[in-house]
Each structure stands twice: as C-alpha cells, then as structure tokens.
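Below, chains carry the letters A, B, ... as their sequence lines are ordered, and counting in each starts from 1. Not measured: the values here are computed from a predicted model.
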There are 2 protein chains.
Amino acid sequence: MIFQIDFQAGKPVYLQLADQIRYAAASGRLREGDPLPALRPLAEELRVNRNTIAKAYSELEAQGIIETVPGKGFFLKGTATPFSQQERNRLLIAEIDEAVVMAHHLQIDRAAFLKTVEERADHFELKPAQASNDNPRR
Amino acid sequence: MIFQIDFQAGKPVYLQLADQIRYAAASGRLREGDPLPALRPLAEELRVNRNTIAKAYSELEAQGIIETVPGKGFFLKGTATPFSQQERNRLLIAEIDEAVVMAHHLQIDRAAFLKTVEERADHFELKPAQASNDNPRR
DNA sequence: ATTACTGTCCTATGACACTAGGACAGTGGA
DNA sequence: TCCACTGTCCTAGTGTCATAGGACAGTAAT
C-alpha cells in the first residue's frame with residue numbers, strides 16, 4: 001500500500017498520512033490486523049522525519065483505529081471504538097451538521113443531498129445493520 | 001442575535017464566529033438581507049480586535065455567504081454561490097466522505113447513518129427540490 | 001460641510017504547530 | 001548473547017497563524 005504526501009497541499013504531512021490511513025480503513029483497503037509500515041522505512045520512503053510518521057500514527061491510535069504491538073509495530077485495530085455510544089453520536093452529528101450546512105450554502109437541495117449521501121455510503125460500502133457482530137477475518 | 005466566543009475552546013475566535021454565522025444562515029436564524037453587526041461594536045461586545053471580526057467576515061464573504069455594502073456594513077447574501085456546479089459537488093462529496101469515514105470508524109451502520117443524516121437535514125430544514133427558484137423575502 | 005459611522009490596509013508580536021535529530025528502552029530473531 | 005529492529009521521549013528550530021493597534025478612505029446622515 002502506498003501513501004502519498006503533497007508538500008504543496010498546505011496541509012500538515014502528519015494529517016495527510018493519518019487521513020489516508022483512515023480512508024483506506026473505511027474503504028476496506030486496510031483491514032483489521034493489517035500491519036502498517038514501520039516508522040523508519042516509511043519516513044525514508046516519504047522523505048520526512050520518523051516523528052512525523054509517529055505523530056500520524058499517534059492520532060490514529062487515539063481514535064482507536066490502529067494499535068501498537070511492542071517490538072512488532074503498528075496494526076489496524078479491530079472494530080472496538082474507545083468512545084461511548086453517546087460520544088459517537090455527538091461526534092457523528094457534528095460532522096453531519098457540517099455537511100448539511102455546506103449543502104445549504106451550496107444550494108444543494110434535500111433530495112440531491114440525501115442521494116449523494118447514499119451514493120457515498122455505498123461507495124465506501126458502509127456496513128449494513130447488524131453485520132458488526134460478524135468476525136470476518138480471524 | 002448573539003454570538004458567543006469560548007476562549008478556552010482551542011479554536012480560533014474568527015472561526016468560531018464564522019461558523020456560528022454559517023450555521024445561523026443554514027438554519028434560517030439569519031436570512032438573506034439581514035445585516036450583520038458592524039466590526040467595531042461586535043468587537044467591543046466580544047472583547048476582541050475588530051480585525052478578528054473582519055477576518056471572520058472575510059471568510060464568509062469568500063464563500064459567498066455575506067457581502068459588504070460600502071458605508072452600510074455586511075449583510076447576508078442571497079442564494080448565489082460563487083462556485084461552479086462541479087466545484088460544489090466536489091466540495092460536498094469531500095465533506096460527506098468525511099462523515100461516512102467517521103461513521104465507519106464509530107461502528108455506525110448504514111441504516112443508522114442514513115437515518116441520522118435525514119434527521120439532521122430536517123433539523124436544518126434543508127430545502128426540498130426546486131424550491132430554490134422561489135423568491136421568498138423581497 | 002462636518003461628523004460619525006463604515007470597512008480596509010499595513011505592520012507587529014507572541015504563541016503554537018509542524019518538523020526534525022539525538023538518544024534510549026524493549027522485543028524478536030539468529 | 002548480540003544485533004537489528006521496533007516505538008518513545010526529549011529538546012530545538014522555523015514558519016505560520018491568530019490577534020492586535022494605527023491610520024486611512026469612503027459613505028451616510030445631519
């Protein structure tokens with residue numbers, strides 16, 4: 001799996017990397033148990049400092065997306081989220097509100113908005129209900 | 001209308017103000033033609049520099065949400081957005097993707113996600129299709 | 001014409017974020 | 001046991017960002 005850094009993007013390198021990993025996990029390109037590249041090799045490949053990689057990984061660890069195994073490295077974590085149900089709802093509603101407000105200001109009506117949301121949910125293959133107690137790759 | 005600044009929020013003051021205005025406009029609490037407070041009185045009220053207010057207003061102006069009338073001040077702009085249809089779609093899809101990725105990582109399934117999106121669209125009374133050629137307040 | 005408002009431009013300062021290098025401790029494999 | 005890997009902690013430098021004050025020009029109302 002290849003990560004790409006755009007030094008002209010005006011976005012911090014560690015956030016670009018963290019976002020690419022988050023999106024890869026959401027889209028299934030990275031799955032539970034997959035190893036992430038170690039800090040030093042990836043730092044050399046992307047020509048940044050290994051602490052920059054570590055900072056990106058630290059962000060993802062805080063969000064419960066990856067975990068570290070001493071002596072072995074970082075791995076994609078299973079589905080347990082560190083947040084309570086209430087906190088998860090709060091976080092999601094804040095993000096959805098941002099999208100709705102943006103739709104309003106971009107003159108995108110309700111029907112077009114909901115249609116686009118469904119398309120993107122399908123694009124990412126967002127899990128249907130009650131599939132989460134499966135254990136697909138163990 | 002009252003804006004509130006939280007100096008402990010860790011979020012720039014100008015962004016807090018800009019977001020509150022954006023959300024007020026999306027929810028109908030601020031409407032096309034409504035005047036915004038002038039820079040100096042609002043700066044005194046919020047106890048910040050008037051350039052901080054100006055910076056918030058400048059952000060909103062760039063997004064086509066407010067406009068300036070020389071000698072009179074800033075006003076909520078009508079519905080014309082400065083972005084092309086293609087650019088609007090791109091912006092919206094990026095924001096929706098962020099919400100979908102977040103739903104994935106928060107173990108919120110597709111049905112619950114879509115339900116929450118509809119609720120929030122209704123909460124903001126996102127415009128139904130083809131109402132946008134109306135001219136409600138002139 | 002004058003005054004008081006309006007927004008805008010310029011310069012400056014301090015804090016913070018981003019990035020980096022050195023060094024250390026733990027783990028696994030040979 | 002040793003070596004090469006792993007991640008982590010500490011300190012430091014730089015550039016950017018957020019915020020601020022001074023001053024100016026334009027407009028509207030009197």
Side-chain angles (χ1 to χ4, degrees), chain A residues 1 3-22 25 30 33-78 82, chain B residues 1 3-22 25 30 33-78 82:
Chain A
M1 150 130 249
F3 302 114
Q4 287 178 319
I5 296 303
D6 178 359
F7 292 102
Q8 315 303 327
K11 180 174 183 177
V13 167
Y14 82 96
L15 280 183
Q16 292 184 48
L17 176 58
D19 284 351
Q20 287 174 41
I21 294 168
R22 263 193 320 121
L30 281 177
D34 282 356
L36 286 169
L39 302 181
R40 287 173 180 79
L42 185 58
E44 273 196 46
E45 180 188 330
L46 299 179
R47 300 184 188 290
V48 298
N49 191 268
R50 66 197 170 345
N51 292 330
T52 305
I53 311 297
K55 189 177 171 73
Y57 284 9
S58 171
E59 292 282 314
L60 297 166
E61 193 171 21
Q63 295 164 41
I65 296 170
I66 68 175
E67 64 193 338
T68 181
V69 177
K72 287 188 183 299
F74 284 93
F75 294 82
L76 264 290
K77 204 171 177 178
Chain B
M1 151 130 249
F3 302 114
Q4 288 179 319
I5 297 302
D6 179 0
F7 292 101
Q8 315 302 329
K11 180 173 184 178
V13 167
Y14 81 95
L15 279 184
Q16 293 183 47
L17 176 58
D19 284 352
Q20 287 173 42
I21 294 168
R22 263 193 320 118
L30 282 176
D34 282 356
L36 287 169
L39 304 182
R40 288 173 180 78
L42 185 57
E44 273 196 47
E45 181 189 329
L46 300 180
R47 301 185 187 286
V48 297
N49 191 268
R50 63 185 167 6
N51 292 330
T52 304
I53 311 298
K55 188 176 171 75
Y57 284 9
S58 170
E59 293 282 314
L60 296 165
E61 194 172 19
Q63 295 165 41
I65 296 170
I66 69 174
E67 65 194 336
T68 181
V69 177
K72 288 185 181 302
F74 284 92
F75 295 82
L76 263 292
K77 204 171 178 180

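The closest side-chain heavy-atom distance from A/Leu17 to A/Thr52 is not below 4.5 Å. The shortest distance between side-chain heavy atoms of A/Phe7 and A/Ile5 falls below 4.5 Å.
Between B/Lys55 atom NZ and D/dA20 atom P there is a gap of 12 Å when expressed in whole angstrom units. Put simply, CG on A/Leu42 is 16 Å from C1' on D/dC5, counting in whole angstrom units. Rounded to an integer number of Å, the gap from CD of A/Glu61 to C1' of D/dT8 is 11 Å. The distance between atom CZ of A/Phe75 and atom C1' of C/dT27, rounded to the nearest whole Å, is 12 Å. The interatomic distance linking B/Leu39 (CG) with D/dT19 (P) rounds to 15 Å, in whole Å. Distance, B/Phe74 CZ to C/dC5 P: 18 Å, rounded to whole Å. Residue A/Lys11 contributes atom NZ, which lies 18 Å from atom C1' of D/dC17 at whole-angstrom precision. Rounded to an integer number of Å, the gap from B/Arg50 CZ to D/dA20 C1' is 8 Å.
Within the 4.0 angstrom heavy-atom criterion, no nucleotide atom of any strand lies near B/Tyr57. Note on B/Val48: only backbone sugar-phosphate atoms sit closer than 4.0 angstrom, heavy atoms only; bases stay farther off.
Of the two residues near DNA chain C, B/Leu36 and A/Asn49, the one whose nearest nucleotide lies more 5' is B/Leu36. Ranked by how close their nearest DNA chain C nucleotide is to the 5' end, B/Pro70 and A/Phe7 are led by B/Pro70.
Remark: the A/Arg40 side chain and the D/dG7 base include a donor-acceptor N/O pair separated by less than 3.5 Å. For A/Asn51 against D/dC9, a side-chain N or O and a base N or O form a donor-acceptor pair under 3.5 Å.
Dashed line: the shortest gap from a side-chain N or O of A/Thr52 to OP1 or OP2 of C/dA20 is under 4.0 Å.
B/Glu44 CD: 12 or fewer foreign heavy atoms inside a 6.0 Å radius.
To the nearest 0.5 Å, the span separating CG on B/Leu60 from NZ on B/Lys77 amounts to 11.5 Å.
Panel note: side chain A/Gln16, backbone A/Asp6; a donor-acceptor pair is recorded below 3.5 Å.
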